[in-house]
Amino acid sequence: MVGGAALVSPRERAARDPLGFIDERLSTNQLLRKALRYVFPDHWSFMLGEVALYAFLILVATGTFLAFFYQPSLATAPYDGPFAALRGHEVSAAYASTLNLSSTVPAGLLIRQTHHWAADVFVAAVVIHLLRVFFTGAYRRPRELTYLIGLAMLFAGLLEGYLGYSMVDDLLSGMGLAIGYSVALSLPLVGGNLGLLIWGAPYPGDPSFESRMFIAHVFLFPAILAALMGLHLALVALRHHTQFRRSDPRASERRIVGVPMFPGQVPRSLGLLVGTAAVLFGLGALVQINPIWLWGPYETWLGTNGAQPDWYLGWLIGALRLVPGFDVSIAGATIVPNPFWGGALFPLIVLGVLVAWPAVERRLTGDRAAHNLLDRPRDAPLRTGFGLGFLTWVVLVFFAGSSDRLFVFLGLSYVTQIWFWRFAVWIIPVLVGLAAYRSCRALQGFEAVEAIREAEEARPAEAALPARRTPTTPG
C-alpha cells in the first residue's frame, strides 16, 4: 500500500475498466470524439455517393450468395430443369446453374435480380455523382486526386458489370462477348495477342475462359473497387467535404457548416442504407430483369434482333453503330479494324476528356487557388457550356444504340436513323453548349442587376432626402 491506497496491477485495471485501459494506450477517445464531430454538408446531393456505396455493399452481399450456387464451367449436359422449353437441349453448366438459381434455389431469383438491379443503380449513382462534381467544380484543388479516383471507380465498375452479365452463357451474353472480342482484336499492333491472352483461343475461346471471367468478376474487380472506394473516402475525410456557397451565409473557404457525424449524419445515413436496400430488393422482387430462359443458351451460329446490353454500355453500342464501315489498311494489311473507332477510341476519348478537363480549366481561367466552396453552374459559364455540350454528345451516342429497338417497336427505318444520328451527334451538342453558355451569362447579368437594385433599396430612406438645415442661434 502507498499512502493508504492499494496498488493495482495493469491486469486488474484492464479487467475493471477495459475501455479506460485501451484509451490510455491508444487515445481512442480523442480519435472517436474527432470522428463524431466531423461535419457533413447539409445538402441532398452529397447523398449520391452514399447511394453508390450502399449499392456496392448489396452487390457484395448478393454476389456472395450467388457464388455458392453458380458453376463457372462451359461443360455441357442435357437440361432437365423446370423450364419445359429447354428440356433436352445441351446447355453449359454456367447457364444451367443460373437457371437453377432462377427457379429451384430458395430466394435465388430474388437475390439474382436484386444483384442485377444493384449493379445498374451503382453505376447510375456514380454517374450522377460525377455530374454533380463536374458542374459544381468539386474537382478543383485540392481534390484533383479524389476526382481521378472516382473516374477510375466508374470505368472499373463498367468492366465489372460487363463481366457479370457475360458469365451466364445465354444468347445475350454470348453476343456481348463476341462484340468485346472484336473490339479487343481491333486494337492496333497488340489486339491479336491480347485477344489470345484473354480468351485463350479464337472466339468463343478456351473453356477455361469462363472460370477466368468468374475470378475477375468475383475477386479481382470487387477488390479493385473496394480499394478505390476506401481511398476515395479517405481523401474525402482528409480534405473534408466541399459545400455550396449560398446554402449558409456562414460558409466560407475556411469554415465548414453542416451537421456532425453523430447525432446528425449517422441516422440519415442509416435511413438511406435501409431505403436503398428496400428499393433494390423491391425491384428484385417485382421487376423482371434479364430473363435468360427467354434468350436460351448461346451458340455461335445464333443471333437475335434487338439485343441490348445493360444501360451503362448503351453508349458503346451506339458508337459501334454510328461509325461507317471502313478499315485502315496498308498494302492490303488491315492496320486498324473498324470496331476500334467506336469500341475503343470513343470511350478512351471520353475518359481522356474527363481526366484532362481540370488541368485545361486551370489553364484557361488561371485559377490555381484551393476551393472548398462549390460553384453553381451559372457561376462558371465556360465549364457549364462545355460540360452540357459534351454530355449531350455522349447521350446522343447512347440513344443511337437503341436504333434497332426503335425499328422493332416503331418501324422506323434503321438506316435513316443511323444517318440522322451521324449528323445530330455533331450539330446538337454545339447548339446545346452555346445555349448553356449564353444562358449562364444572362443569369449572371440578371443577378448583377438584382444586386444593384437590392443595394439601392437597402439604403436608409433619409439618405435619399435633402439634408435639413440646422437653425443657428444669433450670437
Side-chain angles (χ1 to χ4, degrees), residues 34-53 125-151 153 231-261 264-265 268-269 272 354-388 390-391 436-437 439-452 454-455 458:
K34 185 176 181 180
L36 293 179
R37 289 179 177 175
Y38 183 89
V39 176
F40 287 81
D42 190 14
H43 195 273
W44 65 268
S45 65
F46 291 92
M47 310 295 275
L48 293 169
E50 294 189 36
V51 172
L53 173 62
V126 174
V127 169
I128 299 174
H129 181 65
L130 172 63
L131 292 176
R132 198 272 299 170
V133 168
F134 183 92
F135 286 107
T136 60
Y139 52 77
R140 292 173 295 178
R141 180 187 171 199
R143 297 175 179 84
E144 301 95 333
L145 182 58
T146 309
Y147 169 73
L148 294 178
I149 292 173
L151 287 178
M153 193 188 312
L231 184 57
H232 186 83
L233 293 174
L235 288 174
V236 169
L238 288 173
R239 296 297 184 184
H240 291 283
H241 284 79
T242 52
Q243 55 189 335
F244 284 97
R245 185 182 306 274
R246 298 172 187 265
S247 60
D248 192 304
R250 298 172 296 167
S252 68
E253 295 286 0
R254 295 182 175 273
R255 176 186 294 172
I256 301 174
V257 178
V259 295
M261 176 178 288
Q265 183 66 19
R268 295 182 181 182
S269 295
L272 184 62
L354 292 174
V355 169
W357 176 253
V360 172
E361 185 183 58
R362 279 197 306 271
R363 187 171 184 84
L364 292 176
T365 63
D367 183 5
R368 303 180 185 276
H371 292 275
N372 294 315
L373 291 177
L374 298 173
D375 291 332
R376 297 172 304 169
R378 70 180 66 178
D379 297 329
L382 178 63
R383 179 200 306 146
T384 302
F386 174 81
L388 282 177
F390 186 72
L391 176 64
Y437 178 82
S439 298
C440 290
R441 296 301 298 267
L443 288 172
Q444 286 182 335
F446 175 76
E447 286 189 338
V449 173
E450 284 294 302
I452 294 174
E454 291 177 0

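L48 approaches A125 most closely through the heavy-atom pair O-CB, 3.9 Å. Of all heavy-atom pairs between Y147 and L130, the closest is CE1-CD1, 3.7 Å.
With rounding to the nearest 0.5 Å, the separation of CZ in R132 from CH2 in W44 is 9.0 Å. Distance CG/L231 to CE/M153: 8.5 Å, rounded to 0.5 Å. L364 CG to L382 CG: the interatomic distance, rounded to the nearest 0.5 Å, is 6.0 Å. For the atom pair CG (L374) and CG (D379), the distance works out to 10.5 Å, reported to the nearest 0.5 Å. To the nearest 0.5 angstrom, R239 atom CZ is 9.0 Å from R141 atom CZ. Between C440 atom SG and D375 atom CG the span is 11.0 Å, to the nearest 0.5 Å.
Between F386 and F390, the ring planes lie parallel to each other; the angle is under 30°, not in the 30° to 60° tilted range. Note: H129 and H232 have perpendicular aromatic rings, judged against thresholds of 30 and 60 degrees for the angle between ring planes.
Remark: Y437 pairs with P381, R441 by the side chain to side chain contact (heavy atoms under 4.5 Å, CB included) rule, at least two apart or across chains. Partners of F135 by ring pair (Phe, Tyr, Trp, His ring centres under 6.0 Å), not counting sequence neighbours: none found.
Here the rule is side-chain hydrogen bond (donor to acceptor under 3.5 Å, both in side chains) with N372, and of H240, R140, R143 only R143 fits it. Checking L391, T136, V126 one by one against L131, the side-chain contact (heavy atoms from CB on, under 4.5 Å) holds for a single residue, L391.
With contacts defined as side-chain heavy-atom distances shorter than 4.5 Å, the pair W357/V360 qualifies. Using a 4.5 Å heavy-atom threshold, the side chains of Y139 and E144 count as separate. Looking at heavy atoms from C-beta onward, E50 lies in side-chain contact with S269 at the 4.5 angstrom threshold. You'll find the side chain of P41 stays beyond 4.5 Å of the side chain of F244, heavy atoms only.
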* D367 and H371: CA distance, side-chain angles, deciding distance, side chain to side chain donor-acceptor pair (under 3.5 Å) verdict -> CA-CA 10 Å; D367 183 5; H371 292 275; 2.7 Å; yes

* To do: Could you walk me through whether V51 and L272 pass the side chain to side chain contact (heavy atoms under 4.5 Å, CB included) test, one step at a time?
  => CA-CA 7 Å; V51 172; L272 184 62; 4.0 Å; yes

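Electrostatic pairing of E361 and R368 does not count as a salt bridge here, judged by no charged N lying under 4.0 Å from a carboxylate O. Using a 4.0 Å cut-off between charged side-chain N and carboxylate O, R376 and E447 make a salt bridge.
One N or O on the side chain of T384 and one on the backbone of P377 form a donor-acceptor pair closer than 3.5 Å.
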